[in-house]
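Reading through the structure tokens given below for one structure.
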Number of protein chains: 2
Amino acid sequence: MGVRKVKAAETAAALKQAARQQFAERGYLNTKITDITTAAGRATGSFYEHFASKEELLQALLADMEGQASDHFDSAEHPPHDLTSAGQLRDHLAVAWGVMRDNRAVQAALFESAIATGPASGVLWDQLAGGTSVLRDHLEYLRATGHQLPGDPVLVAAAMGAMLSLLAYALPPAGPGQQDSSPAPVYSDPDVIDTLTRLLLHGLAGSPAS
Amino acid sequence: MGVRKVKAAETAAALKQAARQQFAERGYLNTKITDITTAAGRATGSFYEHFASKEELLQALLADMEGQASDHFDSAEHPPHDLTSAGQLRDHLAVAWGVMRDNRAVQAALFESAIATGPASGVLWDQLAGGTSVLRDHLEYLRATGHQLPGDPVLVAAAMGAMLSLLAYALPPAGPGQQDSSPAPVYSDPDVIDTLTRLLLHGLAGSPAS
DNA sequence: GTCTATATACAGATAGAC
DNA sequence: GTCTATCTGTATATAGAC
């Protein structure tokens, strides 16, 4: 790889990094191309040498994220889970939550991008259904083994995904250190995961054993 | 009230109605002022005689909605509920779901408006917490009477609200009649309410009695 | 490839006649 | 109050020098 290409790759990486930071700070929709280039210390025109648009940049960030995520997933679980086991449900939620929080900016950007198309476009539903396809499979497995589900697996999976993704978007990150004076409470990630596990496993009525 | 004011009120109402329709069709963020005025059969400039901006129009729609909603709520339940009763939880969800679906356009617009401010603004969290304050009170009542909750009432309430509002936004309306060839499945409102009731009452593990 | 400067596009908002 | 026509601000995208 020549020197030119190396420098180009460096700029592309700088733009992507700056984009992640800006998306997290100002939100995807509010971020202008110039916000990204300025944060990356580059000129406005340079942006288009690497990405055709803000949306294409987002796709690149998504590809990066999925590249990393496959490292975690390929080695990990594939066999059918029993989501009615507290430990396994918690593990599942913890992985999903961790991915969302580790890639807050990209997740938030994808979410905002989907919302901006409006409710009638169906994009958000596709995103919700697509992001919970694994979960849906596990639920269908449960049903096939005779377990009574609360409802249609697709709907239940989507409901769980909706809860997760909107919470992950709305909750401020649990940064250890500077808790600002914002009205939003800060919950630690394990707290959130434990609460959601209990809620989704046994509901508001609580565990029959408790 | 004079004739001038009547005509003005008619135009304002026409603009609001057109806005509701456009918001539902194209989404709030994608709707331009001219989309609204055109749909209402008025000129662009007339808009500003009645509303200072699209956002102020949205506030007016919100006020209208809350005016109607108070009719339902003031006469209805105020005493503390026992959300661990299947019937009462279902009633509560049915009311919330009904309000969301009856005011789809306004709800969607508020949601989009909040999202557009970005995740760091805290607006979405405020909306989530504010919209579930009644729910939170019921949960705190449960806890005070010795019941074990899945976690902090504020967090549990927000999680439930997140599930409801994002699902209500993403799910296509269950219009009886023209089911288009869209990939999104259509669930009837009672189906959704029943499923969410079961999920939130006893979780994935299911009722101890079943 | 990167820069500065500029062009294009469009939504929001206003001016002034009726 | 409502209309047509226009102005302004701003974000995207391109042109052309280096």
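Here is how names work: the chains are called A, B, and so on, in the same order as the sequence lines, proteins then strands, and each is numbered from 1.
Within the nucleic acid shown, B/Thr11 comes within 4.0 Å of sugar-phosphate atoms alone, with no base atom in reach, counting heavy atoms only.
Taking each heavy atom of B/Leu124 and A/Ala170 in turn, the nearest pair found is CD2-CB, 4.0 Å. When all heavy atoms are compared, the tightest approach of B/Lys54 to B/Ile33 is CB-CD1, 4.0 Å.
In this structure, of C/dG1, D/dT12, D/dC3, it is D/dC3 that holds the atom nearest to the side chain of B/Ser46. Taking the side chain of A/Lys32 as heavy atoms from C-beta on, and the options D/dC3, C/dT2, D/dA11, the nearest nucleotide is D/dA11. Each of D/dT2, C/dA13, C/dG1 was ranked by its minimum atom distance to the side chain of B/Ser53; first place goes to C/dA13. Residue A/Ala8 has its side chain nearest to C/dG1 when only C/dG1, C/dG12, D/dT2 are considered.
The interatomic distance linking B/Leu15 (CG) with D/dG1 (P) rounds to 13 Å, in whole Å. We find that CZ of B/Phe51 is positioned 13 Å from P of D/dG1, with the value rounded to whole Å. Rounded to a whole Å, the CD1 atom of B/Ile33 is 17 Å from the C1' atom of D/dC3. Regarding A/Phe47, its CZ atom lies at a distance of 18 Å from the C1' atom of C/dT4, rounded to whole Å. What separates NE2 of A/His50 from P of C/dC3 is a distance of 9 Å, to the nearest Å. Summarising the geometry, the separation between OH on B/Tyr28 and P on C/dA11 is reported as 15 Å, rounded to the nearest angstrom. Remark: P of C/dG12 and CG of B/Leu29 are 11 Å apart, rounded to the nearest angstrom. We find that CZ of A/Arg26 is positioned 13 Å from C1' of D/dA11, with the value rounded to whole Å.
Taking the side chain as every heavy atom from C-beta outward, B/Glu66 and B/Leu62 approach each other to under 4.5 Å. Using a 4.5 Å heavy-atom cutoff, the side chains of A/Arg101 and A/Pro173 are in contact. By the 4.5 Å heavy-atom criterion applied to side chains, A/Leu155 and B/Leu196 are not counted as neighbours.
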Side chain to side chain donor-acceptor pair (under 3.5 Å) between A/Gln21 and A/Glu25, worked out: CA-CA 6 Å; A/Gln21 183 229 327; A/Glu25 248 175 58; 2.7 Å; yes

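Below 30°, between 30° and 60°, or above 60°: for B/His81 and B/His138 the angle between ring planes is below 30°, a parallel geometry.
Contact check of residues 35-44 of chain B against DNA chain C (heavy atom, cut-off under 4.0 Å) returns no residues at all.
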